[in-house]
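To start, the structure under review is shown below, and the notes come after it.
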Amino acid sequence: DVESMSLAKLISKKEEIKSLLIEYDRWFYEQHRRKPRKPEKERIRPYYEYYHATKKRIAALDKCGGLDGSWVVVVSSGSSYVPGTNVPQRRRYDILAELDDLSQLKAELFLLRSSLRVFEKDFVKTHGRQVSTPSDIKPKQKEYARYKKVAKMIKMMEAP
């Protein structure tokens, strides 16, 4: 049930299902040398429905606050993200330590990506151009650096 999952678990499940769906498309292409059409994807509809339910729950958590990129609750491994609780909130880069749990790292990467996308969209609205120079990212320099580091850690953990 996606309603009772922690944010880290939701993100992990979403990535897992997405990988399965991509793998199905690859397999189908190898067999038929074309992309599958809608009727041919009908047999994997439950996976699509679960994927969309997971995305919807993540978006709902976003609307509750907490994924907006400015303030989040990040708790230790095994705990849940619960919007609306009285947990004192601190800036993400003050609270996050080096995490070794892959699902927690993926959750952190998702949060960082969301925050940086918001920043980049606001930058375009304000300046009429894309972020392109080191001085442009200065307000979010720590988050960009952490994003790169976390992405690299995930890549290393997932490597065979």
*Can you find a pair of side-chain heavy atoms, one from V124 and one from R129, that are under 4.5 Å apart?*
no
_Validation row: E49, R45 side chains within 4.5 angstrom (heavy atoms)_ = yes
*Walk me through it: do E143 and K148 pass the test side-chain contact (heavy atoms from CB on, under 4.5 Å)?*
CA-CA 9 Å; E143 288 183 66; K148 288 169 80 173; over 6 Å; no
Taking only residues two or more places apart in sequence, or in another chain, which ones meet [X] in a salt bridge (charged side-chain N to carboxylate O under 4.0 Å, His left out)?
| X | value |
| --- | --- |
| K14 | none |
| K41 | D25 |
| E120 | none |

Check side-chain hydrogen bond (donor to acceptor under 3.5 Å, both in side chains) between [X] and all other residues, then give those that pass, not counting sequence neighbours.
| X | result |
| --- | --- |
| R33 | none |
| T133 | S135, D136 |
| Y50 | none |
| E23 | R26 |

*Answer yes or no: is there an ion pair linking E42 with R37, defined by an N-O contact shorter than 4.0 Å?*
no
*Which residues satisfy the ring pair (Phe, Tyr, Trp, His ring centres under 6.0 Å) test with Y24, sequence neighbours excluded?*
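By the ring pair (Phe, Tyr, Trp, His ring centres under 6.0 Å) rule, Y24 matches W27.
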*Sequence neighbours excluded, which residues qualify as ring pair (Phe, Tyr, Trp, His ring centres under 6.0 Å) partners of H32?*
F28
*Any ring-ring contact (aromatic ring centres under 6.0 Å, His included) pairs touching residues 124-158, not counting sequence neighbours?*
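For residues 124-158, and leaving out neighbouring residues, the ring-ring contact (aromatic ring centres under 6.0 Å, His included) pairs sorted by first residue read F123-H127.
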*For L10, which residues count as a side chain to side chain contact (heavy atoms under 4.5 Å, CB included) partner, sequence neighbours excluded?*
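Scan of L10 (side chain to side chain contact (heavy atoms under 4.5 Å, CB included), adjacent residues dropped) gives V2, M5, T54, R57, I58, L61.
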*How would you list, by chain and number, every residue that makes a side chain to side chain contact (heavy atoms under 4.5 Å, CB included) with L21, sequence neighbours excluded?*
I17, I44, Y47, Y48, Y51
*Is a side-chain N or O of E15 found less than 3.5 angstrom from the main chain of S12, in a donor-acceptor match?*
no
*Could you grab the distance from atom NZ of K55 to atom CD1 of I11, nearest 0.5 Å is fine?*
13.0 Å
